[in-house]
Amino acid sequence: MIVIVDYGMGNLRSVQKGFERVGYTAVITNDPNKVGDADAIVLPGVGAFRDCMRNLNKSGLIDPIKEFINKGKPFLGICLGLQLLFTESEEFGVHKGLDIIKGRVIRFPDASNTTTNIKIPHMGWNSVRIRNRVSIFEGIPDDSYFYFVHSYYVVPKDEDVIAMTTNYGVEFTSAIVKGNLFAVQFHPEKSQELGLKILRNFGEIHT
Amino acid sequence: MLTKRIIPCLDVKEGRVVKGVNFLNLKDAGDPVEVAEIYEREGADELVFLDITASHENRDIIIDVVYKTAEKVFMPLTVGGGIRRVEDIRALLKAGADKVSINTAAVKDSIFVKRVSEIFGSQCIVVSIDAKEVVGEDLSNKNGGEKRWEIYTHGGRRPTGIDAVEWAEKMEDYGAGEILLTSMDRDGKKEGYDVELTRRISESVGIPVIASGGAGNIEHLYDGLTKGKADAVLAASIFHYREYTIREVKEYLRNRGIIVRL
């Protein structure tokens with residue numbers, strides 16, 4: 001069973017419906033026991049880093065998630081669910097993350113600091129360059145478009161975890177992979193056909 | 001590269017699409033879910049539902065529309081119209097909306113924008129601005145000879161005296177993640193967006209700006225993105241009446257050097 005972790009933020013229903021569309025049942029829960037017993041976990045996320053860590057902590061979800069990942073079971077982080085895996089984020093002051101992937105979460109350079117004159121949030125459809133074509137990205141051509149909405153991006157210490165990059169003023173990491181741990185900065189559940197393809201690929205891994 | 005977005009807007013009244021939708025192969029031209037599915041197939045980048053239901057008591061209807069649409073389409077969904085309370089936003093997001101657009105409530109109490117962007121994140125708070133050019137002013141003495149625009153609330157019925165550019169900057173400071181900018185002078189006239197207004201706002205803020213109001217042909221969309229420097233263009237009638245499909249629009253824009261998702 002696929003479990004979507006509910007920690008009181010954002011729109012989880014779209015992720016659930018996305019899995020249903022490609023033939024998988026996913027349950028939404030904040031019960032640490034159910035999270036521990038899952039076959040696969042999805043950690044979606046919108047909102048602020050600090051609040052999300054706080055909510056995960058309050059619901060007693062941090063240890064079950066870490067244990068789950070350490071066992072090598074399939075995990076998919078989406079948007080903030082990617083950022084939370086990192087050591088720390090500089091959103092609203094420096095805050096500790098789950099520290100499963102070493103590295104930082106930093107803000108896009110202000111328009112005043114670049115010649116590119118970019119707007120923040122990075123909002124809309126942008127293309128990905130695939131560096132590591134793992135199972136979850138099967139059938140996704142290079143330069144495919146996905147829907148992004150974020151102001152911060154991840155900088156992993158170990159570049160080997162980078163699976164995709166995207167250009168927005170800077171070339172940033174838009175997907176990471178480490179064994180069965182996958183995480184994407186964009187929203188597959190909002191990226192029409194190709195996004196659903198990623199959800200389907202993830203569903204196939206867990207069965 | 002980030003693409004420019006093409007956004008069809010559906011006016012929804014009591015659960016039905018209004019303002020005349022003229023689709024072929026549609027069982028029921030007034031069903032928002034069916035219309036949304038067609039736009040998704042054609043490659044729309046986002047959808048906006050504007051709830052024009054007159055009374056606040058009928059809010060459950062738009063929530064139901066969003067709920068049903070989110071089961072069928074997998075693209076960003078923005079809902080605007082009559083949003084006044086934190087609970088309104090929570091209910092819409094829970095039903096499957098990704099963003100909400102706020103207009104009158106922001107003008108009445110600008111701190112509301114600050115509060116809800118802290119609760120839900122800037123990414124889902126769109127501030128909608130209805131602006132009208134100020135006429136009859138002696139421009140030679142004021143604003144360095146520049147034009148001014150004033151914002152209106154209550155669906156464009158009530159003037160506020162607030163300067164549109166200053167208001168957009170303030171809303172950015174208060175945490176808005178995007179501006180949906182409608183020119184009231186141009187809305188419904190099909191003479192093109194107010195590109196001067198759009199450019200002024202787009203250059204004044206660091207958040208994305210969606211141009212709205214006045215698109216009557218394919219060239220207008222191009223002008224909004226180039227002369228107006230908008231990040232996205234919103235249109236209703238040219239898509240509803242099938243004057244162009246979204247795909248045709250995108251092909252045209254791409255041929256003229258605009259980066260779009262095809």
Side-chain angles (χ1 to χ4, degrees), chain A residues 8-22 28 45-52 79-80 91-92 108 110-112 116-127 143-152 166-169 187-197 199, chain B residues 1-7 39-47 66-77 90 92-99 117-126 172 175-179 202-203 205-210 229-232 250 259-262:
Chain A
M9 319 278 291
N11 168 5
L12 306 182
R13 197 165 163 270
S14 298
V15 180
Q16 186 184 34
K17 287 289 153 202
F19 277 111
E20 273 175 26
R21 173 60 76 93
V22 295
I28 298 174
V46 294
F49 189 96
R50 178 194 54 196
D51 297 345
C52 286
C79 193
L80 195 66
E91 186 181 358
F92 300 129
F108 280 109
D110 249 54
S112 53
T116 49
N117 206 18
I118 63 166
K119 298 217 170 167
I120 304 173
H122 173 220
M123 189 184 285
W125 297 81
N126 204 334
S127 55
D143 295 321
S144 296
Y145 285 109
F146 291 97
Y147 188 81
F148 289 83
V149 49
H150 61 125
S151 304
Y152 292 77
T166 293
N167 192 286
Y168 191 60
H187 289 269
E189 78 283 11
K190 290 288 160 187
S191 297
Q192 298 176 350
E193 232 176 287
L194 288 178
L196 294 179
K197 177 109 191 113
L199 297 186
Chain B
M1 278 282 274
L2 184 66
T3 64
K4 298 287 188 182
R5 289 170 281 153
I6 310 300
I7 308 176
Y39 285 144
E40 174 162 72
R41 275 203 294 280
E42 286 182 358
D45 294 312
E46 288 186 28
L47 272 187
V66 171
Y67 193 86
K68 287 180 178 145
T69 306
E71 285 179 358
K72 296 284 178 68
V73 307
F74 294 92
M75 67 172 144
L77 198 56
R90 202 183 299 279
L92 285 166
L93 296 181
K94 211 173 160 210
D98 299 282
K99 314 181 209 177
S117 64
E118 274 168 15
I119 297 172
F120 302 104
S122 291
Q123 81 291 332
C124 68
I125 305 300
V126 181
E172 177 185 17
E178 196 166 36
I179 301 270
S202 190
E203 285 177 342
V205 296
I207 53 178
V209 173
I210 306 168
K229 297 195 172 181
D231 301 283
K250 286 188 158 184
I259 298 165
V260 290
R261 181 182 64 112
L262 264 168

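In the text below, chain A, chain B and the rest are named by the order of the sequence lines, each starting its count at 1. Just so it is clear, the structure is predicted and the values come from calculations on it, not from any experiment. The figures here come from the full heavy-atom set of this structure, side chains too, leaving out hydrogens, waters and symmetry mates.
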Discussion item. If I take atom OG from residue A:S127 and atom CZ from residue B:R261, how far apart are they, to the nearest 0.5 angstrom?
Written reply: 12.0 Å
Worksheet item: Does the side chain to side chain contact (heavy atoms under 4.5 Å, CB included) test come out yes or no for B:E71 and A:R13, once each step is laid out?
Response: CA-CA 9 Å; B:E71 285 179 358; A:R13 197 165 163 270; 2.8 Å; yes
Discussion item. Which atoms of B:A232 are under 4.5 Å from chain A, going by heavy atoms: the side chain, the backbone, both sets, or neither?
Written reply: neither
Fill in: Residue B:K68 excluded, over 12 heavy atoms near NZ under 6.0 Å
no
Fill in: Non-hydrogen side-chain atoms of B:V209 and A:K119 separated by less than 4.5 Å
yes
Item to complete: Grab the two heavy atoms, one from B:D45 and one from A:W125, that are nearest each other, plus how far apart they are.
Response: O-NE1, 2.9 Å
Response to the item:
Assert top hit (heavy-atom pairs under 4.5 Å, partner chain A, pool B:R5, B:E172, B:K4, B:R90) equals B:R5
Worksheet item: For B:M1 and A:Y145, which heavy atoms make the closest approach, and how far apart are they?
Response: O-CE2, 3.8 Å
Worksheet entry | Spatial distance of atom NZ (A:K17) from atom NZ (B:K72) [nearest 0.5 Å] | 10.0 Å
Worksheet item: Relative to chain A, which segment of B:A176 carries a heavy atom at a distance below 4.5 Å: side chain, backbone, both, or neither?
Response: neither
Worksheet item: Which atoms of A:Q192 come close to chain B, meaning under 4.5 Å heavy atom to heavy atom: side chain ones, backbone ones, both, or neither?
Response: both
Item to complete: Calculate, to the nearest 0.5 Å, the distance between atoms CD1 and CG belonging to A:I118 and B:D231 respectively.
Response: 11.5 Å
Worksheet item: Hey, what do you get for CD1 (B:I207) to CD1 (A:I120), rounding to the nearest 0.5 Å?
Response: 11.5 Å
Item to complete: To the nearest 0.5 Å, tell me how far B:L2 CG sits from A:M123 CE.
Response: 10.0 Å
Worksheet, complete the sentence: Of A:D143, A:V149, A:L196, A:T166, the largest count of non-hydrogen pairs under 4.5 angstrom with chain B goes to A:L196
Worksheet item: Going from CZ on B:F74 to NE2 on A:H187, what distance comes out if it is rounded to the nearest 0.5 angstrom?
Response: 14.5 Å
Fill in: Heavy-atom pairs under 4.5 Å with chain A, option from B:S117, B:C124, B:S122, B:S202 with the top count
B:S202
Worksheet item: Of the backbone (N, CA, C, O) and the side chain (C-beta and beyond), which part of A:S14 lies under 4.5 Å from a heavy atom of chain B, both, or neither?
Response: both
Practice prompt. Give, as side chain, backbone, both or neither, the part of A:H122 having an atom under 4.5 angstrom from any heavy atom of chain B.
Written response: side chain
